[in-house]
Every structure is written in structure tokens, then in C-alpha cells.
Chemist: 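To start, I am sharing the structure in question, which I have written as C-alpha cells.
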Amino acid sequence: MEEKRKYPRTEIEEPAYVSSGGSVMRCVVRNISHEGAAIDVENVAFVPQRFRLVMAKNSSVVHECRIAWIQKNRIGLTFINAAE
């Protein structure tokens, strides 16, 4: 499969949180780049189209995200403010 990303993703396995409208859900970040990430969640049905991804190890690291794709329990994210 041809790689179409501008920035290579770094494989990680780091706990994080999906945060939206006062609700928070645990997730695991599987890979990350300047423009986006892939996360695993328990139930994709509870993840809104747009949300904040908060890294568990450093809660000051927050990414505004939107869903790019969903495959089983894995969600591909695009960081909304990646161009800034």
C-alpha cells in the first residue's frame, strides 16, 4: 500500500483520553505524527466526529481532532490545527 502521508507516523503505545462536551473516554494512541494519529477505543460508537485528544502522561498536550476513518476499534484522526 502506498504511503500518502506528508509526515511519517511514529509507532507508540501511550494512554490518552477522548474528551468532548464534558465526557471523557480512555483510549490508546498507537501511532502519531504532526498531522494526526491512530487510536484504539473500546467502542467507536461513543466517539464524536470532533473532539480533543489529551495525552495521559502529559495532560498539557492536547490535540483538536476530527475522525478521518474507522476500522473496527481503531480510529484514524486528523489534527485540526496541525497547520499552525
Side-chain angles (χ1 to χ4, degrees):
M1 193 157 107
E2 183 185 343
E3 180 62 55
K4 295 181 181 179
R5 298 180 184 116
K6 274 195 245 178
Y7 300 96
R9 295 227 170 155
T10 302
E11 299 293 323
I12 64 173
E13 188 170 333
E14 202 169 307
Y17 301 96
V18 170
S19 174
S20 177
S23 73
V24 177
M25 177 192 317
R26 290 176 183 254
C27 67
V28 177
V29 180
R30 297 298 181 179
N31 63 51
I32 194 164
S33 76
H34 179 70
E35 290 186 318
I39 63 171
D40 286 346
V41 296
E42 286 264 330
N43 189 337
V44 298
F46 295 118
V47 180
Q49 186 63 35
R50 293 177 69 132
F51 60 91
R52 288 185 180 89
L53 180 68
V54 182
M55 304 306 286
K57 288 184 182 176
N58 182 354
S59 61
S60 67
V61 177
V62 178
H63 301 281
E64 295 287 335
C65 305
R66 69 173 172 78
I67 294 176
W69 53 264
I70 297 174
Q71 244 178 10
K72 296 187 181 175
N73 285 3
R74 184 154 296 177
I75 301 175
L77 310 176
T78 300
F79 297 149
I80 294 170
N81 53 359
E84 298 176 0

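Because the structure is predicted, anything quoted here is derived from the model rather than measured.
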Chemist: Side-chain contact, heavy-atom cut-off 4.5 Å: Phe46 with Val18?
Modeler: no
Chemist: In terms of hydrophobic clustering (I, L, V, M, F, W, Y; side-chain heavy atoms under 4.5 Å; direct or indirect links), are Val29 and Val62 co-clustered?
Modeler: no
Chemist: Just verifying a value: how many Å separate Arg66 CZ and Ile80 CD1, rounded to the nearest 0.5 Å?
Modeler: 7.0 Å
Chemist: Determine whether Ile32 and Glu14 make a side-chain contact, defined as any pair of heavy atoms from C-beta on separated by less than 4.5 Å.
Modeler: no
Chemist: Is it true that atom CD of Gln71 has more than 12 heavy atoms of other residues, nucleotides or ligands lying nearer than 6.0 Å?
Modeler: no
Chemist: So Glu42 and Met25, do their side chains get closer than 4.5 Å, heavy atoms only?
Modeler: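 With C-beta onward as the side chain, the pair stays apart.
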Chemist: Identify the two heavy atoms, one from Ser19 and one from Val24, that lie closest to each other, and give their separation to 0.1 Å.
Modeler: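 Taking Ser19 first and Val24 second, the nearest heavy atoms are OG-CG2, 4.3 Å.
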Chemist: Mind checking the SG-CG spacing from Cys27 to Asp40? Nearest 0.5 Å is all I need.
Modeler: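 So the gap between those two atoms works out to 8.5 Å.
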Chemist: Measure the CE-CD1 distance between Met55 and Ile12 for me, rounded to the nearest 0.5 Å.
Modeler: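 It comes to 4.5 Å.
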Chemist: With a 4.0 Å cut-off, would you call Arg30 and Glu13 a salt bridge?
Modeler: yes
Chemist: At their closest point, which heavy atom of Phe79 faces which heavy atom of Ser33, and how far apart are they?
Modeler: CE1-O, 3.3 Å
Chemist: To check you understand the geometry: which heavy-atom pair defines the closest contact between Tyr17 and Ala56, and what is its length?
Modeler: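 Distance-wise, the nearest heavy atoms are CE1-CB, 3.7 Å.
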Chemist: Which value, rounded to the nearest 0.5 Å, describes the distance between His34 atom NE2 and His63 atom NE2?
Modeler: 10.0 Å
Chemist: Run Glu64 and Arg52 through side-chain contact (heavy atoms from CB on, under 4.5 Å) and show every step you take.
Modeler: CA-CA 5 Å; Glu64 295 287 335; Arg52 288 185 180 89; 2.7 Å; yes
Chemist: Could you report the tightest heavy-atom contact between Arg74 and Ala38, atom names first, then the distance?
Modeler: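 For Arg74 and Ala38, the tightest heavy-atom pair comes out as CD-CB, 4.1 Å.
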Chemist: Which pair of heavy atoms, one from Pro48 and one from Ile67, lies closest together, and at what distance?
Modeler: O-CD1, 3.4 Å
Chemist: Looking only at non-hydrogen atoms, find the nearest pair between Val41 and Arg26 and report the distance.
Modeler: CG1-O, 4.4 Å
Chemist: Just verifying a value: how many Å separate Ile75 CD1 and Ile39 CD1, rounded to the nearest 0.5 Å?
Modeler: 4.5 Å
